[in-house]
Enquirer: 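Have a look at the structure that comes next, please.
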Amino acid sequence: VSPQLHRRGFRCLHGVDGSAGMLERARSTGLYRQLRRCVLGREPLPAPAEHYDAVTVVGALGEGQVPTAAVPELLRVTKPGGFLCLTTRSNPSNLRYKAELEAVLEMLEQQGAWQKVLAQEVERWEKATSEEESTQGTGYISGVVYVYRKCPVPPLKEG
């Protein structure tokens, strides 16, 4: 994800991960201005409130990884009017987590914390690790991309 963001002009990228090895791998890309270790769901993100224009979580919202209880923490560090892009898998072993995640997303929307911009299914999200996890025998599992905009959305500047 980061190389694609970088190519599109996003230059001030910060990253967090619970794994020192993954942080080292991210550091080796030279794309990040700041990398910090943080176990989402167990500790707060190492950033002040309303700090980021956009927050992304790709490949970590899933069964046995980042708990759905961490979603409000992602919202906390996003600026009003900022975007959150979250993803999860739709494979059989992740369906319970996905339903729990969607309940949290919906609850935050009903509370007026954010507005849904997009919820898009992606058929060939990633290669399946087993036939049972594969979507209709394709060898891939499907996933979903969710994009939300934090409220209050600031008014458009005139002129």
Side-chain angles (χ1 to χ4, degrees), residues 1-2 4-6 8-10 12-19 22 26 32 34-126 128-129 132-136 138 140-159:
V1 173
S2 299
Q4 291 91 336
L5 288 172
H6 207 259
R8 287 177 170 82
F10 295 92
C12 185
L13 300 177
H14 292 184
V16 297
D17 201 286
S19 158
M22 286 304 287
Y32 294 89
Q34 184 182 101
L35 289 163
R36 307 273 294 274
R37 190 155 184 199
C38 175
V39 180
L40 278 171
R42 279 198 236 149
E43 51 195 343
L45 282 164
E50 301 184 349
H51 189 68
Y52 294 110
D53 294 316
V55 171
T56 64
V57 181
V58 177
L61 291 172
E63 194 66 48
Q65 294 175 306
V66 174
T68 60
V71 173
E73 180 62 6
L74 303 171
L75 196 55
R76 179 188 71 80
V77 301
T78 307
K79 290 178 182 175
F83 293 91
L84 293 96
C85 177
L86 314 173
T87 68
T88 197
R89 296 170 196 86
S90 301
N91 54 312
S93 65
N94 200 55
L95 291 179
R96 188 180 64 83
Y97 179 95
K98 182 179 176 235
E100 188 181 307
L101 176 65
E102 288 180 346
V104 170
L105 302 180
E106 177 71 24
M107 180 190 68
L108 288 166
E109 188 172 20
Q110 288 186 355
Q111 290 172 355
W114 60 16
Q115 298 169 335
K116 187 191 312 184
V117 176
L118 173 82
Q120 183 175 333
E121 283 279 343
V122 179
E123 278 186 38
R124 292 177 170 235
W125 181 254
E126 67 183 20
T129 55
E132 301 82 59
E133 294 293 320
S134 175
T135 306
Q136 299 167 342
T138 61
Y140 287 85
I141 62 171
S142 58
V144 189
V145 177
Y146 308 96
V147 178
Y148 284 86
R149 190 161 190 207
K150 184 174 178 174
C151 296
V153 175
L156 291 171
K157 293 184 181 123
E158 291 188 32

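Numbering starts at 1 and runs along the sequence shown.
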Enquirer: Between Glu123 and Ser142, is there a side-chain donor-acceptor contact under 3.5 Å, judged purely by atom types and distance?
Expert: no
Enquirer: Out of the candidates Glu133, Lys98, Glu132, only one should pair with Asn91 under the side-chain hydrogen bond (donor to acceptor under 3.5 Å, both in side chains) rule; please name it.
Expert: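 One option only clears the test, and that one is Glu133.
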Enquirer: What pairs with Arg37 under side chain to side chain contact (heavy atoms under 4.5 Å, CB included), at least two apart in sequence or on another chain?
Expert: Ala20, Leu23
Enquirer: Roughly how far, to the nearest 0.5 Å, is CZ of Arg8 from CD of Gln4?
Expert: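 The distance works out to 7.0 Å.
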Enquirer: Give me the atom names and distance for the closest heavy-atom approach of Gly59 to Thr87.
Expert: N-OG1, 3.3 Å
Enquirer: List the residues meeting salt bridge (charged side-chain N to carboxylate O under 4.0 Å, His left out) with Glu73, not counting sequence neighbours, and say none if there are none.
Expert: Arg76
Enquirer: Does the Glu106 side chain pair with the main chain of Glu102, one donor and one acceptor, at a distance under 3.5 Å?
Expert: no
Enquirer: With sequence neighbours left out, what residues match Glu126 under side-chain hydrogen bond (donor to acceptor under 3.5 Å, both in side chains)?
Expert: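 Partners of Glu126 under the side-chain hydrogen bond (donor to acceptor under 3.5 Å, both in side chains) test: Arg89.
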Enquirer: If you define the side chain from C-beta out and look only at heavy atoms, does anything of Cys85 sit under 4.5 Å from Val145?
Expert: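 They are in contact (side-chain heavy atoms under 4.5 Å apart), so the answer is yes.
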Enquirer: Taking all non-hydrogen atoms of both residues into account, name the closest pair between Gly18 and Val39 and its distance.
Expert: CA-CG2, 4.1 Å
Enquirer: Given 3.5 Å as the limit, does a donor-acceptor pair link the side chain of Lys150 with the main chain of Leu75, or not?
Expert: yes
Enquirer: What is the distance from atom CD of Glu50 to atom NZ of Lys79, rounded to the nearest 0.5 Å?
Expert: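 It is 10.0 Å, given to the nearest 0.5 Å.
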Enquirer: Minimum heavy-atom separation for Ala70 to Val66, with atom names?
Expert: CB-CG1, 3.7 Å
Enquirer: Measure the CG-CG distance between Leu84 and Leu74 for me, rounded to the nearest 0.5 Å.
Expert: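 Rounded to the nearest 0.5 Å, the CG-CG separation comes out at 6.5 Å.
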Enquirer: Which residues pass the ring-ring contact (aromatic ring centres under 6.0 Å, His included) test with Tyr97, sequence neighbours left out?
Expert: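 In terms of ring-ring contact (aromatic ring centres under 6.0 Å, His included), with neighbours along the sequence ignored, Tyr97 is linked to no residue.
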Enquirer: So, for Ile141 and Ala128, which heavy atoms are closest and what is the spacing to 0.1 Å?
Expert: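 Heavy-atom minimum between the residues: CG2-CB, 3.8 Å.
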Enquirer: If the condition is side-chain hydrogen bond (donor to acceptor under 3.5 Å, both in side chains), which residues does Glu63 pass it with, not counting sequence neighbours?
Expert: Arg96
Enquirer: To the nearest 0.5 Å, how far apart are CG in Leu86 and CG in Leu105?
Expert: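 Answer for the CG-CG pair, Leu86 versus Leu105, is 6.5 Å.
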Enquirer: Which distance, rounded to the nearest 0.5 Å, do you find between the CH2 of Trp114 and the OH of Tyr146?
Expert: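 The OH atom of Tyr146 is 10.5 Å from CH2 of Trp114, to the nearest 0.5 Å.
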Enquirer: Report the residue from Val16, Leu45, Asp17 that forms a side-chain contact (heavy atoms from CB on, under 4.5 Å) with Arg36.
Expert: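 With Arg36 as partner, side-chain contact (heavy atoms from CB on, under 4.5 Å) holds for just one option, Val16.
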Enquirer: For Ser134 and Thr138, indicate whether the former's side chain and the latter's backbone hold a donor-acceptor pair under 3.5 Å.
Expert: yes
Enquirer: How close do Gly112 and Cys151 get, counting heavy atoms only, and between which atoms?
Expert: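 Taking every non-hydrogen atom into account, O-CB, 3.3 Å.
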Enquirer: Minimum heavy-atom separation for Ser90 and Leu95, please, with both atom names.
Expert: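 That closest heavy-atom pairing would be O-CD2, 3.4 Å.
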Enquirer: Checking Arg149 side chain against Gln115 main chain: does a donor-acceptor pair fall under 3.5 Å?
Expert: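 Looks like no, no N/O pair under 3.5 Å.
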Enquirer: Quick one, Val147 and Phe83 - any side-chain contact, counting heavy atoms below 4.5 Å?
Expert: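 A side-chain contact under 4.5 Å exists here.
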Enquirer: Out of the candidates Asn94, Val144, Thr88, only one should pair with Leu101 under the side-chain contact (heavy atoms from CB on, under 4.5 Å) rule; please name it.
Expert: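 Per the side-chain contact (heavy atoms from CB on, under 4.5 Å) rule, the option paired with Leu101 is Thr88, out of Asn94, Val144, Thr88.
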Enquirer: What pairs with His51 under ring-ring contact (aromatic ring centres under 6.0 Å, His included), at least two apart in sequence or on another chain?
Expert: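 Partners of His51 under the ring-ring contact (aromatic ring centres under 6.0 Å, His included) test: none.
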